[in-house]
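These notes are about the structure you will find just below.
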Amino acid sequence: MGGGTFGGIETGGTKTVCAVGSGPDDVRAGACFPTTTADETLARAAAFFREHRPAAVGVASFGPLDLDPASPTFGSITATPKPGWSGADVVGALRRALVVPVAIDTDVNGAALAEWRWGAGTQCDPLVYVTVGTGIGGGAVVGGRPLHGLAHPEMGHMRVPRAPGDDFAGWCPFHADCLEGLASGPAIQARRGLPPEALAVDDPVWTLVARYLALGLANVVTVLSPQRIVVGGGVLRHPTLLGRVRAEVRAILAGYVRVAALAGAIEEFIVAPALGERAGVLGALALAAQGGPERD
Ligand code: ZN
């Protein structure tokens, strides 16, 4: 990655953030506007970038995305309930408007790349980034690149064993009681009738949430063997949740994964993000600098 000028777009559920620059210490211009339809949102982003003429553009997008370069719909949003976005050709629209290379990945893979490049996960490969908010998402950097294959990781939809006595049906429309269905912000709200930030810090639901998040992270440890896991998102604003998750992960693995990171300073293995809410758009800049797969 050189010191060129790149453009980054983070398309989120409610807002879209654009930046021009080369990294966290070099953001030369930015814009933020509501995410409306795909046509309108991408046209607005393209108009912003036309003023700044980046050499390449990266997109860190909500999913699901088609990231198969051999697919005729590579770079598009696939089926989404979001109005005006199903089938939207994000890469094609930006490439036609700006005539520069356009790289795309999921918002969480973008955030993982940014935290690996500049944030809480430098020198850690594989690095996993998990966010727990309105959904649960996970991205990974493996060998210096965001991980995808069949599609892209969907860590929030892994299955975890039920805690004894937990009879909550689950909130995920596809799987009911997957990890996201049990422990995301809306799942917590459905359990307690209040949003997570309105609950007491010692509400019993946090014990369940810590347990489920830890089961998810322990599964990630056993599958990907990451050198570090960065955990962010609105639900983690709870002051002691991350600490409880760390202790539960250690207990769940029960000494089987014998590495110092888990036996000793687990607070250096499961960490908070360093880039905060900028991780997504910085990840988009990193994607632009790295270059993504091109449509065949
Ligand atoms: Zn699910």
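Ligands are counted one by one from 1 in listed order, and the atoms in each one are counted from 1 as well.
A ring-centre distance under 6.0 Å is not found for Trp116 and Tyr129.
For the side chain to side chain contact (heavy atoms under 4.5 Å, CB included) with Tyr212, the qualifying choice from Leu217, Leu182, Val245 is Leu182, the only one to do so. Each of Leu94, Val281, Val17 was compared with Ile9 under the side chain to side chain contact (heavy atoms under 4.5 Å, CB included) criterion, and only Leu94 meets it.
The two residues Leu147 and Asn109 have their closest heavy-atom pair at O-ND2, 3.1 Å. In terms of heavy-atom proximity, Asp105 sits nearest to Pro146 at OD2-CB, 3.3 Å.
Each protein N, O or S atom less than 2.8 Å from the Zn ion (ligand 1) was counted, giving 4.
The CZ atom of Arg28 lies 11.0 Å from the NE2 atom of His52; values are rounded to the nearest 0.5 Å.
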